[in-house]
Every structure is written in C-alpha cells, then in structure tokens.
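Beneath this line is the structure, given in structure tokens, with notes to follow.
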Amino acid sequence: MSEPEGNFAARLLTWFDQHGRSGLPWQHPRSAYRVWLSEIMLQQTQVVAVIPYFERFVTRFPDIATLAAADSDEVMRHWAGLGYYARARNLHAAARQVMAQHEGHFPAGFEQIIALKGIGRSTAGAILAQAFGTPAAILDGNVKRVLTRWAGIEGHPAESLVNAQLWTLAERLLPDKRAADYVQAQMDLGATLCTARKPACARCPLSTDCVAHATGRSSQLPTKKARRERPHREAWLILAEDGEGRVLLEQRPGSGIWGGLWCPPVIALGEDHAQLLRSRFGVALLGEEGGEAIEHGFTHFDLSLHPLRGRASLLAQTLAETPPVAWHPPQALRDGRVAVPAPVARYFERVAAAADLLGGHHVASVRRRSRRRISKGNA
DNA sequence: AAATCGGGGTC
DNA sequence: GACCCAGATTT
C-alpha cells in the first residue's frame with residue numbers, strides 16, 4: 001500500500017516542525033543513555049514532574065558506567081518522590097546488565113534493548129528510534145489516544161484484541177525516515193492537541209480524516225474502563241526517636257508499596273504495634289503521643305497514616321529476623337539524604353515548619369538545601 | 001485479563 | 001475530587 005493512510009506520518013511531521021517540543025533536557029545532548037533514562041522516568045509520569053529529577057540524576061550519574069557502579073541507596077535517593085520505585089531498581093540492574101553483556105555500550109538492537117529490565121515493547125521502540133534513528137512503533141498513552149480517535153477504534157485498549165489492533169496500525173503508519181522526530185511528534189500531538197479532555201481538533205493536522213472527529217466521538221475515545229472504588233486503609237506511622245533525636249527507619253522490601261525506600265515502621269491500625277516493635281526491632285516506645293493523620297492517595301487505595309511518636313528504648317535482645325534498620329535525624333529525611341516516601345518527607349517538613357513558627361530561624365538554612373521543596377513546590 | 005505499583009498536574 | 005500521565009511486571 002503506497003499511501004493508504006493519507007500521509008498520516010507526513011502531516012504529523014510537518015506539524016511537528018512548527019509546533020513540536022524541542023527544548024526538553026533529554027533532547028540535547030541526545031545520547032542513548034539520556035534517552036533511556038528519560039523514557040523510564042516518563043513512564044506514567046508527566047514531563048513537568050520528570051524534568052527536575054532528570055537533571056539531578058544525570059548530574060550525579062552522567063553515564064551508564066557511573067550508574068552501574070553506584071550504590072543502590074544513592075540511586076533510590078535520586079528517585080525518591082518520583083514514584084513507581086521498581087523503575088529505579090530495574091534501571092540500576094539494567095545498567096549493570098549493559099556493563100556485563102554489552103561492554104558498557106547501550107545496545108542498538110530491538111531484541112537486546114527489550115531484554116533489559118524495565119523496558120517493554122513501547123519503551124524499546126521509543127529508545128530505538130530516538131537514540132539510533134531506527135524506525136520503530138511506540139504505543140503509549142498518547143499514541144493510544146491518537147490512534148483510537150483517528151481510526152475510530154472502539155473497545156478498551158487493555159483488551160488484547162484492541163491492543164493488537166493498535167500495534168498493527170502503529171506499525172503500518174510508521175515512516176521510513178525521521179524516526180526520532182516521528183516518535184516525538186506522536187508524543188507532542190497527544191500531549192498538546194489530542195489531549196484526554198477537550199482536544200484541540202481545530203488545530204490538528206489529522207482532523208481532516210479523523211473518524212472520532214467526524215462522528216463526534218472524540219470525548220468517548222479511547223473507551224474508558226470502569227473503575228472500582230478505592231478501599232481505605234489506616235496504619236500507624238511509628239516515629240521512634242533515640243537519645244539524639246534520630247528516627248528509626250526500616251528499608252522496605254523490594255515487592256510492595258515504596259519498595260526499597262527507607263521508612264519509619266508502618267503498622268496496620270488493628271495490630272499490636274508494641275508487640276511488633278519489640279519482636280521486629282527490639283524497641284519499646286515510651287511516652288507515646290499521636291498527631292494529625294497523614295492522608296495519602298495511591299492508585300488503588302487511600303491511606304491514612306497516624307503518627308505515633310515516642311522515645312525508643314532499646315531492648316537488649318537478639319532478634320531472629322531484623323529488617324535492614326537505620327537511624328537518621330529528621331533533617332536528613334527532609335533534605336534528600338535518605339530515600340523516604342513523599343508523604344513521609346512532607347510530614348517532617350510540616351513538623352519542622354511548625355517548630356520554626358514557634359521558635360528560632362535556624363530552619364531557613366535547611367530549607368535552602370531542600371531540592372524537593374523547590375523543585376516540586378510542596379506547600 | 002486483571003492487579004500492582006506513586007505522586008502530582010489539571011480541570 | 002476525578003481523571004490521567006512517554007507502562008512494565010506480576011499474578
């Protein structure tokens with residue numbers, strides 16, 4: 001078929017030349033490593049949220065060898081607050097994979113790229129096209145939206161049949177030139193014109209033969225999935241302080257929420273927290289006092305964390321199974337020296353701000369050092 | 001096929 | 001408050 005799709009790619013690229021985004025940090029310089037890193041960070045994460053993390057990450061880990069050689073705690077520290085922490089663990093593992101299997105050079109073949117941890121079909125295509133100029137299809141949220149609308153594809157994209165249909169179409173529309181630009185053009189169209197809500201069809205280069213636009217179904221496509229209501233969970237957040245005001249942290253297991261991050265013990269509200277603190281950490285909590293709950297929403301449940309502060313009394317006893325434990329001053333949990341979950345960092349900022357309000361001005365210097373506050377503008 | 005895995009931007 | 005985001009991996 002010569003031009004059965006009505007010059008879809010050509011129109012997209014012409015639009016891109018005038019309206020595409022060209023100032024993104026990973027576009028200059030554009031190396032395989034920087035493209036790879038950006039694609040991982042951008043999974044389910046918006047560009048504006050990624051940019052400050054990307055800048056900090058490449059400053060500290062400028063190349064694959066540096067990343068591979070780094071300590072995992074330091075990698076997690078540079079990811080803390082961005083979410084989906086399995087991405088960071090997979091990225092780190094993949095960097096070591098590249099060192100071991102490809103002599104430190106990011107591979108240029110699809111099969112080798114997709115074999116790396118954390119890289120699926122779409123991310124592999126995006127890297128292949130942007131880093132090596134090899135034409136490859138992608139199918140992220142943007143492209144799913146653009147294609148379901150343009151071709152009028154009904155049914156939820158998660159269904160295997162619909163998904164296969166979308167991949168086939170994406171492959172068929174692929175131009176044989178300007179591979180990197182074409183990837184970026186698809187992203188930019190989806191992010192700026194063919195948006196989830198109120199698409200700007202009047203300015204879209206594809207509207208002339210867009211099925212959804214012609215039939216008035218743009219707001220109906222892609223088909224939304226019925227969402228279940230999110231359950232609500234409650235837990236204690238145990239803030240056990242030693243004699244020097246340092247807080248007890250445990251490293252969370254790799255699987256599950258906040259995997260690999262450091263966090264004060266989180267114990268379900270119904271459980272016997274005193275007994276659990278004793279058995280798992282050899283600690284008793286003295287002079288307990290509560291505080292206002294920390295509300296935090298996840299994709300599939302809401303969480304209320306009830307802070308429970310107290311003085312830690314170490315019980316001299318041998319413990320059977322002690323998770324990795326560390327003690328850190330609250331300041332270290334605010335300024336990014338320890339990889340803690342975003343709501344935990346926020347909690348300690350709130351406590352510090354309250355103390356600042358009551359007392360001295362010494363906290364000002366701490367704030368200046370806090371990149372998280374500045375980059376994300378947390379209140 | 002469905003569930004899991006974060007946090008924030010945006011309306 | 002609901003929806004969504006340059007998805008991959010596990011169940």
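Lettering of chains follows the sequences in order, A, B, ..., and the numbering in each one begins at 1. The analysis underlying the following values was restricted to heavy atoms, covering all of them including side chains, and did not include hydrogens, waters or symmetry mates.
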- [ ] Check if the side chain of A:Thr123 and the base of C:dG7 share a donor-acceptor pair of N or O atoms closer than 3.5 Å.
- [x] no

Residue pairs fulfilling salt bridge (Lys or Arg N to Asp or Glu O under 4.0 Å) with at least one residue in [range], sequence neighbours excluded:
range: residues 10-36 of chain A; result: A:Arg11-A:Asp209, A:Asp17-A:Arg178, A:Arg21-A:Asp188
range: residues 288-298 of chain A; result: none
range: residues 136-165 of chain A; result: A:Glu154-A:Arg217
range: residues 196-207 of chain A; result: none

Open item on the list: I need the residues from residues 21-43 of chain A with at least one non-hydrogen atom less than 4.0 Å from DNA chain C; give them sorted by number, or say none.
Closed with: A:Arg21, A:Leu24, A:Trp26, A:Glu39, A:Leu42, A:Gln43

Open item on the list: Can you list, in residue-number order, the parts of residues 253-265 of chain A that come under 4.0 Å of DNA chain C, counting heavy atoms only?
Closed with: none

Task: With sequence neighbours excluded, residues passing side chain to side chain donor-acceptor pair (under 3.5 Å) with A:Glu55 - done: none

Please enumerate all residues that pass side chain to side chain contact (heavy atoms under 4.5 Å, CB included) together with [X], with sequence neighbours excluded.
X: A:Pro324; result: A:Gln251, A:Trp262
X: A:Ala129; result: A:Ala179, A:Val183
X: A:Val351; result: A:Arg309, A:Tyr347

Contact list (N/O, under 3.5 angstrom) for nucleotides 9-11 of chain C vs protein:
{"unit_1": "C:dT9", "atom_1": "OP1", "unit_2": "A:Gly118", "atom_2": "N", "d": "2.5"}

Open item on the list: Suppose we screen for salt bridge (Lys or Arg N to Asp or Glu O under 4.0 Å). Which residues come up paired with A:Glu171, at least two apart in sequence or across chains?
Closed with: A:Arg121

